[in-house]
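When a ligand or atom number is given, it counts from 1 through the structure's own listing order.
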Amino acid sequence: MNFSQKIIDLTFEAEQKLVDTFARIDEISFKNTQKIMNSFKEHRVSEAMFNPTSGYGYDDRGRDVLDRIWADVMGAEAAFVRHSIVNGTQALTIGLFGLLRPGDIIFSIAGKPYDTLDEVIGNTGSRGDGSLKDFGVDYMQSDLNADGSFDFEHIRSVLTEHGSRVKVVFIQRSKGYLNRKTLSVAQIAKATEFVKSISPASYVVVDNCYGEFTEENEPTAFGADMIIGSLIKNPGGGMAESGGYIAGTPRAVELASYRLTSVGVGCEVGATLGQNKNMFKGLFYAPHTTAQALKTAHLAAYIFDALGYEVEPAWNEPRYDIIQTVITRAPEKLCAFCRGIQAGSPIDSFVVPEPWAMPGYSDNVIMAAGAFTQGSSIELSADGPLRPPYTAFFQGGLTYESGRIGIMSAAQAMIDIEK
Ligand SMILES: *Cc1c(COP(=O)(O)O)cnc(C)c1O
């Protein structure tokens, strides 16, 4: 990889400007690591806990202890984490079907939930597929205000009108692929308190994907009943091979565990098949790996801003998730960006990504991913739909060094096509 002097100088300049930001990120990583190590110590984590179980998986000490540690670290009373949960969408599905009953309402107060939940809720897809709607669960939504804050007046009116029918108040922490700001834990805490003051029996459920360990605490430390996420994002630390987690209050987690396995069985079974070590190690690494991704995102924001692109968040703004957007304004620029990320990846660096029609998307999409674990987006990855304003969404970076190389490579590719 050859980088022009311009890119090398710009990277150096960015790192000078980001010294304080990087120090703050390291401080958060340190505090979260300390929390994890204290919990490992308290629960006397030992090598024997990495032994695989098979069959029912009764008395899997590692699994049970990791559940306890997960709860501690998330500031929750209970949790389960399983390699067998295939992705974040399944973890969210387990949580929602665990809590909701016919006649209930799920009320999303941070706008539209992540795309993959549309069919789970039943807002798209076919009648009879088994969505929440098929089971008599209604959906309501409150959009965020233009400045990204909650619309408390509207939330109050819905909660007051529908009362205890609102079983789940749903909050997506990260912007995902929407054009809005990511919510901070402080904002979610305030909304949780507000919801509970009007409707104490409602469960506050947070889609925590991409937010874990970007701050010192998770929403469960401030009263959320349930947080849900994927292990091939932040909390798997780039080490977990697959999986998802749910943490929260004992009753909420118990109800979710009955969906994970079956009613009455819950979390007490589930062979770990040798995956415990990866999950323990992943959690151990997670604050650090998340810090690497955050630094990579800050660096990218600085460089692409300096090259004249609109970026969100700005290089000097605080971050509550690991996602960065770059508005490229031209299809060939978006493609060059993704080609550069791919070329700067450790795996499949020789592959040239092309825009493609993807199921569920109305426009062609280009994606770059050169990851050790398939689809892992804590590893440097990028994608964007081929439609104006040709926004590249990207996240990750297992190590800052490799993330830095990926970003320099993307910037170089975009400069090169101007020639
Ligand atoms: C990644 C993500 C999910 C789940 O996606 P999967 O691909 O199923 O893991 C849900 N919500 C948000 C905000 C996400 O970023």
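Using a cutoff of 4.0 Å between basic side-chain nitrogens and carboxylate oxygens, Asp143 and Lys112 are not scored as salt-bridged. Under 4.0 Å is where a charged nitrogen must lie from a carboxylate oxygen, and between Asp26 and Lys295 at least one such pair does.
At the shortest separation from atom 9 (O) of ligand 1 among protein heavy atoms lies Gly88 N, 2.8 Å. Protein heavy atom at the shortest distance from atom 11 (N) of ligand 1 is Asp207 OD2, 2.6 Å. Atom 5 (O) of ligand 1 has Tyr114 CE2, 3.5 Å as its closest protein atom, hydrogens excluded (heavy atom only). Looking only at protein heavy atoms, the nearest one to atom 8 (O) of ligand 1 is Thr89 OG1, 2.5 Å. Summary of contacts: the protein heavy atom closest to atom 14 (C) of ligand 1 is Lys233 NZ, 3.0 Å.
The backbone N or O of Arg127 lies less than 3.5 Å from no partner atom in the side chain of Ser131, so there is not a single donor-acceptor pair.
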Lys175 and Tyr210: side-chain hydrogen bond (donor to acceptor under 3.5 Å, both in side chains), yes or no, with the steps?
-> CA-CA 9 Å; Lys175 67 164 129 2; Tyr210 285 135; over 6 Å; no
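The cationic group of Lys277 does not satisfy the cation-pi geometry with Tyr285, failing either the under 6.0 Å distance to the six-membered ring centre or the 45° limit from the ring axis.
Counting the atoms of ligand 1 from 1 in the order shown, those under 4.0 Å from a heavy atom of Tyr210 are 15 (O). Close approach to Gln172 involves these atoms of ligand 1, each under 4.0 Å from a residue heavy atom: 13 (C).
Heavy-atom separations between Leu92 and ligand 1 include at least one value shorter than 4.0 Å.
Proximity of Ile232 to ligand 1, defined as any heavy-atom pair under 4.0 Å, is not found for any part of the residue.
Within the model, atoms CD1 of Ile323 and OG of Ser377 stand 8.0 Å from one another, a figure rounded to the nearest 0.5 Å. Here NZ of Lys190 is found 11.5 Å from CG of Leu183. Values are rounded to the nearest 0.5 Å.
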